[in-house]
Each structure stands twice: as structure tokens, then as C-alpha cells.
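Heads up, the thing below is written out as C-alpha cells.
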Amino acid sequence: MIVVLKNNTPKAQVDGFMQKLRERGFEVHVSKGESATVLGLIGDTSKVEPEEMLAYDFVESAQRVKAPYKQVSRSFHPEDTVVSVGGNSVGDGKSVCVMAGPCSVETEEQVVEVAKAVKASGARFLRGGAFKPRTSPYSFQGLGAEGLELLKVARKETGLPIVTELMAINQIELFSDVDIIQIGARNMQNFDLLKEVGKLRNPILLKRGLASTVKEFLMSAEYIMASGNPNVILCERGIRTFDNYTRNCLDLSIVPYLKKETHLPVIIDPSHACGIRWMVPTLAKAAVAVGADGLIIEVHNNPEKALCDGEQSLTPAQFDETMKILAKYAAVEGRTL
Ligand code: PEP
Ligand code: MN
């Protein structure tokens, strides 16, 4: 249930009211915006009528939440969530945050070179996989812990915070120092993993499952928030459809839908969405136009020799060109990169 309190309700009254609600067995989430304070009640609200709340004269309105997700819902938390990492923010409405780097970390030379290049072009985060979810057990599986160390070397050299995928609960300790932890499409419904990353405070970049509905996607984000981690970034990376002329089908309409339905930042991964290098810049422009808060783009210094996803990786020069164009598209909406 959502209970909206009138503006300027004295703090003591708000605290007393929340205390009463807690005594009745509800978990109470407060969202204090500029125009109103919203209380989100979680628990068995079936025995409470919204009208009962109106008996308090500082209550403006009360209503039941029909959606199965609560903490991710914009009705629970009307203000945008802004995820901040080392001076970079995702979801601030003013900028388009670009994360870029290789699909997989391969060597120190490779990751540092790509990191320097994407930084020079304006990327604000370095992406790179150390633990790779590969369809074939015979494909390169990533450098693992060594790859994480190389990402940290690149972070030190460039100052770029790092984004990298966590695949299993037993890797969590290794990730304590990772700026944004990615949960990949294949693990979107690994509920035990979601509960564990929910106990951390590192921001979580949650990618949409290969064939997940929006509701399933949001329920997965709810798992993370319900375990206590409010720093969730949603990432659309293309879904399976009946057609396979592209690797996946980029669901652009999910962006405005999610921006309305949730308060969480939404970014787009055009690289995995189409799987074809030449199409990536065009989809990136479209992502900016539909209001995405950011992009995550694969860039490799030698795509032909890449150990993973070379066919969809931009060269540093193509990335640089793309960033220049994206800056113009962002400017049309009064945003910067
Ligand atoms: C990736 O980002 O390299 C990746 C494997 O992404 P996804 O989980 O979206 O396939
Ligand atoms: Mn990849």
C-alpha cells in the first residue's frame, strides 16, 4: 500500500505514524520527495482499508499497489534513483552515461589500451568480462580472478570505474572492490544470486534475461532491492523473437515503459542487442532518443582477434566517432554525455 503524506507534516508526526505502522507488522519504506513524502508499506495489507489511513489528517491519499513489484515501483518511490559511483552518476536525467570496453579482458596491454581509448572519447566507465557466460564449454571462459586484477590495473591507469560480470555466489568476495557488478542476462533469474548481491552495497547492473517479460525483469530487480540493495541499474540488451536477422531484438519501447513504471536508471546495450558492428552506432542513437540513462558498448582494439564478440565490437576509432554523434543527439534533449 502507498500512503502519501501532506507536505510539511511535522517530522515527529511522521515518525510516530511510521512507528504505529511497524507495530502493526508492516515494513515501511520512506521516500521523501520535494513535493510529498510517500510511505510504502510491505506486508499483509489485506486487512487494512486505504480509507482507514485517511482518518489521519496529515494523510493526503492511500491506495493499494496492484503490481507484484513494490520497491522498484515508481509509485513507491516517485523520485528518480540516481546511482553514483566515484563522481559519475547514472540516472540523473542530465547526462547519458556511457560504459565501454572489451567483451572480455584478454591481456593487460589490451584492456589498458582500450580503457585509455574509451576514456579519451568520453566513456565514464570501463566494461570488461573476467568471468564469461559462454554458450559452449569449449569457448574462452574468461581470465577469471586474473581478469579482475587486470581491470583494476586499467582502472588505476585511467581512473575509470569498472563494470564486470559476477556469475556465481562463490565469486562474491573477489568483487568487493568492483564499482558496478553486472548480473548477466543468463543469470537474471538466479534468485539465490540476486538475494546475495542484494546484501551488498555495490551498484548492480541487472541485464534483462534472453526471453524475459518486463514483469519478470522487474521482479528480479525487486529481489535485489528486497534484500537491501537500492542501487540497481536496469539494462535492456535485446530479447529472443521469432526472427534472427540480428543476434537479438532490441526492445526500445521498454525504455519509456520502465522510466514510467520504475524509478531505477535504465541503460541499453546495443552491442549484444544486434550483434553486428555496423548497426551499433545507429541503435546507440536510438537509445538516446528514447530516453535511456546510459549505454554499455563493446569496444576492442583488434576486433578480428577478439576472444569473444569481436563481430559486434567497435574499434576505438569507430567508438570515438559514435561518441561525437551521440553528444549531438543528447544535446537535442538538453543532455550531455
Ligand atoms: C556481456 O555483457 O558481455 C554479456 C555476456 O552480456 P549478456 O548477459 O547481456 O549476454
Ligand atoms: Mn559480449
Side-chain angles (χ1 to χ4, degrees), residues 81-92 97-119 123-133 140-188 190 192-207 220-221 223-225 227-235 264-265 267 269 293-300 307-308:
T81 283
V82 181
V83 173
S84 297
V85 186
N88 294 291
S89 51
V90 192
D92 61 13
C97 181
V98 180
M99 308 171 183
C103 177
S104 306
V105 178
E106 296 166 8
T107 62
E108 177 173 333
E109 206 184 5
Q110 170 241 18
V111 71
V112 170
E113 189 178 323
V114 177
K116 285 183 177 162
V118 299
K119 182 175 179 178
R124 291 201 272 135
F125 286 85
L126 171 66
R127 67 142 286 149
F131 293 91
K132 294 302 302 176
F140 175 59
Q141 303 286 306
L143 296 180
E146 188 197 336
L148 284 184
E149 290 313 308
L150 298 183
L151 278 170
K152 290 178 198 168
V153 171
R155 174 172 66 187
K156 203 157 174 236
E157 293 265 331
T158 58
L160 287 180
I162 55 178
V163 186
T164 190
E165 178 166 356
L166 168 74
M167 281 176 52
I169 293 176
N170 65 9
Q171 296 160 357
I172 285 182
E173 254 176 56
L174 290 173
F175 279 66
S176 59
D177 192 19
V178 166
D179 301 291
I180 298 185
I181 297 177
Q182 176 173 322
I183 298 296
R186 291 154 190 82
N187 264 322
M188 190 205 83
N190 182 340
D192 284 344
L193 183 61
L194 299 177
K195 285 183 201 165
E196 288 305 312
V197 297
K199 293 180 193 159
L200 309 175
R201 286 300 167 272
N202 313 52
I204 307 299
L205 172 57
L206 179 66
K207 297 188 98 177
S220 291
Y223 259 97
I224 300 171
M225 291 195 72
S227 299
N229 191 343
N231 304 309
V232 181
I233 301 166
L234 302 171
C235 178
L264 298 172
I267 70 165
D269 173 346
D293 294 299
L295 285 153
I296 181 161
I297 300 177
E298 286 186 341
V299 178
H300 197 287
L307 296 180
C308 184

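Sequence positions, counted from 1, serve as the residue numbers for this chain.
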So does [Y] get a backbone contact from the side chain of [X], meaning a donor-acceptor N/O pair under 3.5 Å?
{"X": "Arg124", "Y": "Pro161", "value": "no"}
{"X": "Arg127", "Y": "Thr164", "value": "no"}
{"X": "Glu106", "Y": "Leu307", "value": "yes"}
{"X": "Ser220", "Y": "Met188", "value": "yes"}
{"X": "Ser84", "Y": "Ser89", "value": "no"}
{"X": "Asn187", "Y": "Met167", "value": "yes"}
{"X": "Asn229", "Y": "Asn202", "value": "yes"}

Considering all heavy atoms, the nearest [X]-[Y] contact:
{"X": "Pro230", "Y": "Thr81", "result": "O-CG2, 4.1 Å"}
{"X": "Ala100", "Y": "Val299", "result": "CB-CG2, 4.1 Å"}
{"X": "Cys235", "Y": "Asp269", "result": "SG-CB, 3.8 Å"}
{"X": "His300", "Y": "Pro102", "result": "CD2-CB, 4.2 Å"}
{"X": "Ile162", "Y": "Asp179", "result": "N-OD2, 2.8 Å"}
{"X": "Leu160", "Y": "Ala123", "result": "CD2-O, 3.4 Å"}

**Request:** Apply side chain to side chain contact (heavy atoms under 4.5 Å, CB included) to Val197 and Phe175, showing your working.
**Result:** CA-CA 10 Å; Val197 297; Phe175 279 66; over 6 Å; no

>> Heavy-atom count check: over 12 atoms from other residues, nucleotides or ligands less than 6.0 Å from Glu108 CD?
In response: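 Result for CD/Glu108: open.
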
Does the distance from a Lys or Arg side-chain N to an Asp or Glu carboxylate O, for Glu165 and Lys132, drop under 4.0 Å?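 Judged by the 4.0 Å cut-off on N to carboxylate O distance, Glu165 and Lys132 do not form a salt bridge.
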
* Mind checking whether Val85 and Val90 have side chains closer than 4.5 Å, heavy atoms only? ->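 Heavy-atom side-chain distance check fails, nothing below 4.5 Å.
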
Nearest 0.5 Å, please: how far is CD1 in Ile169 from CG in Leu194?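 Nearest 0.5 Å value for the CG-CD1 distance: 9.5 Å.
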
